[in-house]
Amino acid sequence: MDRIAIQGGFRLEGQIPISGAKNAALPLMCAGLLTKGTLRLSNLPHLADIKTLKSLLLGHGTKIKTEDEGLDVAKGAVITLSSPDITNTVAPYDIVRKMRASILVLGPLLARTGEATVSLPGGCAIGNRPIDLHLKGFEDLGAQIELKEGYVRAKAPTGRLKGGTVHFATVSVGATENILMAAALAEGTSVIENAAREPEISDLAHCLNAMGAKITGIGTETLTVIGVDSLHDADYAVMADRIEAGSYAIAAAMTGGEIEILGKNLVPALTGTLDMLRSAGLSLDETDSGMMVKLESDLVKGVDATTHPYPGFPTDMQAQVMAMMSLCDSVSVITETIFENRFMHVPELCRMGADITTHGSTATVRGVKRLLGAEVMATDLRASMSLVLAGLVAEGDTYINRIYHLDRGYDRLCEKLLKVGARIERQVGKGI
Ligand code: EPZ
């Protein structure tokens, strides 16, 4: 396995291009199942999860062509997806277990063919990740759901889903996306209440409308969908990754550097993160091509943070903010309300000298003067990024193992950080 080696203590200066958002690209690719026509997606990030989903979609009969590899780090890839025939409605365990977002093929398969058999995704490092909200939503659209041998078997008794009202008891990004895609082709009108409002969902809704869907209420907690018989070609650019942008903003602050983060519409996408970073002492000023970021004071100000669904402070930024707060001028209390086990970065940060104690879903971070380089273990995607951030400022060398977690969500991280002065390299085959 590979590892990342970082020599800490170097200010980051320059520009970092932000790639297309993983959490927008994955549902957008699944939307390719909904049409016999061609969906052209641009600004796709180079990520392991994108590769995994491509192999899953190919298995369903989707034809995928690469128009542009996007080898230039500032440019994403361009692919076309078309699904004239769905040749297989089974999403197998060995793919779904690797990437939970595979569950997002369930809605499109069900909407397109009237049936789908998708492996239960199972849990992951950060929580048991149930899909009950997805399944109840499909039942509200007339589907029959059966759980058997670790698979969900969903069927539309009449061959086509019926529009209906889906009320989510708790906000769920994936369930909102799954139901939205299913409702697009259902017979009649659907209303989705207490829908998640993450920007990635709006990205999906805009793309579906470009394909001929009739979705209104985009960006609000109530989405109305008038079902259509089919969707057509569309050409859509994936939105910039707000979590990647927030992560690199923190890298600038922690190293005492100044970085221009290059990407479109970052300010609205960073709602929930911007205020928090500004109260911690960062300046984040819009430029023509993105956002200029630096730390105004010598030390990060200790501020409390509680994760919430959008437009609140995003759970996907929690680990990165905790790394930043480990060097703050006082104390910061960080509360995780979305996932039940999303503090696995804490023991690794403590091994680098951070002073963090956890009590259930709350972590108390007492700022220390310095962090020390160490050999550490990545446990999940965002935890891995918190260790990279700590390594960038730690005294000495840091070695991060199990970086396949990072490869899932950060496009060409070493290349981007090297370009702004970090001493970082990927050491092939040297990981434990
Ligand atoms: C999406 O996961 C993101 N993944 C996650 O990003 C992100 O952390 C999460 O939304 C919250 O913003 C993708 O978009 C691919 P949820 P998702 O359904 O859809 C519970 C990253 O690091 N729940 O909004 O799975 C669930 O257990 C990843 O990029 C149910 O109880 O998240 C969690 O506690 C990590 N039943 C809460 O809801 C369900 O049927 C929010 O989950 C579904 C979810």
Side-chain angles (χ1 to χ4, degrees), residues 19-31 45 47-50 52-53 56 96 98-107 118 120-140 145 147 152 166-181 192 194-204 221 238-239 241-247 269 271-273 307-321 336-342 344-345 361 378-386 405-411:
S19 301
K22 164 178 85 82
N23 292 350
L26 295 174
L28 287 169
M29 287 170 69
C30 294
L47 299 172
D49 276 7
I50 300 281
T52 306
L53 185 54
L56 181 62
V96 178
K98 273 188 286 207
M99 188 191 61
R100 297 190 64 270
S102 312
I103 195 67
L104 294 174
V105 300
L106 182 49
V118 177
L120 282 163
C124 72
I126 64 177
N128 73 12
R129 313 292 291 276
I131 58 165
D132 55 310
L133 298 170
H134 298 240
L135 302 183
K136 185 188 168 305
F138 290 126
E139 287 176 328
D140 293 340
I145 301 286
L147 299 185
V152 177
V166 177
H167 177 85
F168 287 120
T170 52
V171 170
S172 162
V173 170
T176 302
E177 291 165 343
N178 234 338
I179 298 310
L180 187 59
M181 289 189 279
I192 304 173
N194 200 24
R197 295 165 51 194
E198 273 65 5
E200 293 77 17
I201 291 170
S202 300
D203 221 29
L204 173 64
E221 61 188 31
V238 178
M239 67 178 280
D241 192 318
R242 60 193 170 104
I243 305 302
E244 185 192 19
S247 303
T271 298
T273 304
T307 63
H308 288 292
Y310 190 87
F313 173 63
T315 176
D316 291 349
M317 282 298 300
Q318 180 257 105
Q320 300 90 302
V321 163
E336 172 58 58
T337 67
I338 308 290
F339 290 110
E340 62 267 32
N341 188 32
R342 205 167 195 178
M344 281 178 301
H345 40 287
S361 61
T379 51
D380 59 86
L381 170 55
R382 306 304 173 183
S384 324
M385 190 58 185
S386 77
H405 291 293
L406 262 177
D407 296 338
R408 296 191 51 185
Y410 286 90
D411 183 357

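Start at 1 and go down the list; that is how both ligands and their atoms are numbered.
- Taking the side chain as every heavy atom from C-beta outward, Y310 and V173 never approach each other to under 4.5 Å.
- Pocket lining of ligand 1, defined as residues with a non-hydrogen atom under 4.0 Å away: K22, N23, R100, A101, I126, R129, P130, I131, D132, L133, H134, S172, V173, G174, T315, D316, I338, F339, R342, L381, R382.
- Remark: side-chain polar atoms of Q318 are paired, donor with acceptor, to backbone N or O of R342 under 3.5 angstrom.
- Comment: E200 does not engage K22 in a salt bridge, judged by the lack of any side-chain N to carboxylate O separation of less than 4.0 angstrom.
- A 4.5 Å side-chain heavy-atom check between V152 and L147 finds at least one atom pair inside the cut-off.
- Between the side chains of S384 and Y410, not a single donor N or O lies within less than 3.5 Å of an accepting N or O.
- Smallest separation of non-hydrogen atoms from V105 and C30: CG1-SG, 4.0 Å.
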